[in-house]
Amino acid sequence: MNVLVIGNGGREHAVIAALKKSPKVDKIYAMKGNAGIAELAELVNVDYCDVKAVGDWVDAKGDIDFTVVTPDDPLALGLVDELQSRGHRAFGPNKNAAIIEASKAFSKELMKKYNIPTAKYETFSDYESAKMYVETCDIPVVLKADGLALGKGVLICMTREEALDGLKEMMLDQKFGSAGNKVVVEEFLVGPEVSALAFTDGKTIKPMITSCDHKRAKDNDEGLNTGGMGTFSPAPFYGEKTEKEVIEKIMLPTIAAMNAEGRTFKGVLYFGLMKTKDGMKVIEYNARFGDPETQVILPMLKTDLMDIFEAIVDGRLDEVNIEWEDGACVCLVLASGGYPEKYEKGKEITFGDLDKDVTVYHAGTAIKDGKVVTSGGRVLGVVAKGADIEQARQKVYANAEKIHFDGMYYRKDIGIKYRDIAKE
Ligand code: AMP
Ligand code: GLY
């Protein structure tokens, strides 16, 4: 089969590396890809948010058997619908299901209507009403821009002043663009966080191994929110008991809720969860693989990923037995100085002599004059497996030191958090 993968991050590099192992896959095309992906796939320079242009390219190419759509924007814009309407096979939720990520107001309403545990909230489209509410609500409080904002449209406000300023920035100053026209004001929850991703064809749901992200730019979870600075898998506090609770109270009810709403979800559903004193609660849904979660999940997958994708598209996921390796995996993101704010691009990257069992997934990289250079905020993900998280963590850091580009920075504490929490 010839497969087209949409996207250009570390997540797509990990997806492509997994697909490359499938005996079913002949050639992979990546739209638009990056310098690392170029070693595994042929790059296609089409704007994947222009769904019609992607459809035209696939039609004209004529020999693409399957397309995998992983980034949030093209899913929300209906790329899967566009390809299917032209008779092509495509993996990922349809537009009417991708809304579970694309609109926080939608997902909060869904959870309220179907009794799925989440933080209490109010939604506002009008600044004055929101302001009145925030003047008296419990503090800390969380403000969320309704639309997609590259994972940055969330403000955790520890004081009322911060909350009032944040509200003004979102709703009046449009800091997150039109995503902030509607704002969800949410109860602040406390507890360890876990990314629980699952494959689903809308009938069957099969959880993947869990992972934990590090969203803040600096050590000890300080600094601004980013797309994710590192991950480890599995979450030590998420054992069989918690998994059972999540499947019964969150995963199955969500699939059923989406079906009941006429929005059957097929693809990867990402449950961002918090383990609170009142049980597991949903912080967010994503309609896709996480980045950098995928970089620690897929290296542990023993089953052929192409088989899973095809089974989901064909609605026969119940027939596939999905197996995972034992042990742990850690991913450390190497970022451009300044990220998630302003940063420079075009810095040459040198890799040094890396251990054979370490993988580097490329995110913001490009090739310029025959050299690999930086082209984004999150540049590389250094990934290693180990018998446990500590072993994988040490391997990752020992190898990250060998990589260099001007301005490179990374968190020093990936894989440390939650290690004092009771294992389950
Ligand atoms: P989100 O983009 O919704 O995942 O939010 C980004 C981060 O903000 C999450 O990973 C949490 O760490 C934090 N967060 C979001 N909602 C809440 C909440 N209700 N209570 C506490 N922290 C939250
Ligand atoms: N790592 C968080 C996300 O992919 O949304």
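What you see is a predicted model; the values in this text were computed from it and never measured. Quick note: residue numbers are just sequence positions, from 1. In each ligand, atom 1 is the first atom listed, and ligand 1 is the first ligand listed.
Annotation for ligand 1: atoms under 4.0 Å from non-hydrogen atoms of F188 are 20 (N), 21 (C). The ligand atoms of ligand 1 that sit less than 4.0 angstrom from a heavy atom of K144 are 3 (O), 15 (C), 16 (N). Distances below 4.0 Å separate heavy atoms of D213 from the following atoms of ligand 2: 1 (N), 2 (C). Which parts of ligand 1 touch E186 is read off a 4.0 Å heavy-atom cut-off, strictly below it: atoms 16 (N), 17 (C), 18 (C), 19 (N). Residue contact check: G290 has heavy atoms under 4.0 Å from atoms 4 (O) of ligand 2. Interface atoms of ligand 2 facing G227, defined by a heavy-atom separation under 4.0 Å, are 1 (N), 2 (C). Using a 4.0 Å cut-off to heavy atoms of V154, the atoms of ligand 1 that qualify are 1 (P), 2 (O), 3 (O), 5 (O), 8 (O).
S211 has its side chain within reach of E293: a pair of non-hydrogen atoms, C-beta onward, lies under 4.5 Å apart. Considering only heavy atoms from C-beta on, Y127 comes within 4.5 Å of K168 through its side chain. Looking at F124 and D126, their side chains never come closer than 4.5 Å, going by heavy atoms from C-beta outward. For the pair T226 and M229, the minimum side-chain heavy-atom distance is below 4.5 Å. Between I99 and R263, the closest side-chain pair of non-hydrogen atoms falls below 4.5 Å.
Looking only at distances, no side-chain donor or acceptor of T374 sits under 3.5 Å from a matching main-chain atom of T365. Between the side chain of E424 and the backbone N or O of G239, at least one donor-acceptor pair lies under 3.5 Å.
Checked against a 3.5 angstrom limit, the closest N/O atoms of E293 and ligand 2 fall inside it. For a threshold of 3.5 Å applied to N or O pairs, the pair formed by D291 and ligand 2 contains at least one separation below that value. Looking at N286 next to ligand 2, an N or O pair under 3.5 Å apart turns up. Checked by distance only, ligand 1 and L189 come closer than 3.5 Å through their nitrogen or oxygen atoms.
Aromatic ring centres of H13 and F289: separated by at least 6.0 Å. Between F232 and H214, the ring centre distance stays below 6.0 Å. Taking the six-membered ring where the residue is Trp, the centroids of Y285 and F271 are separated by under 6.0 Å.
Contacts with ligand 2 closer than 4.0 Å are made by no heavy atom of H214, backbone or side chain. Of all the heavy atoms of V190, none lies under 4.0 Å from any atom of ligand 1, so neither backbone nor side chain is involved. The part of E187 lying near ligand 1 is the backbone, judged by heavy-atom distances below 4.0 Å. Counting heavy atoms closer than 4.0 Å to ligand 1, residue V142 contributes side-chain atoms (C-beta onward) but none from N, CA, C or O. Residue-level proximity to ligand 2 for F289 is absent, since no heavy atom of it falls below 4.0 angstrom.
Screening I6, I64, V58 against Y29 for a side-chain contact (heavy atoms from CB on, under 4.5 Å) leaves a single residue, I64.
Residue contacts with ligand 2: G228 is excluded, as none of its non-hydrogen atoms falls under 4.0 Å.
Of all heavy-atom pairs spanning G166 and L155, the tightest one is CA-CD1, 3.6 Å.
For atom 5 (O) of ligand 2, the closest non-hydrogen atom of the protein is R288 NH2, 2.8 Å.
The residue among M274, E193, K281 with a heavy atom at the shortest distance from atom 9 (C) of ligand 1 is E193. Summarising the contacts of atom 14 (N) of ligand 1 with V282, I156, L143, N286, the nearest heavy atom is found in I156.
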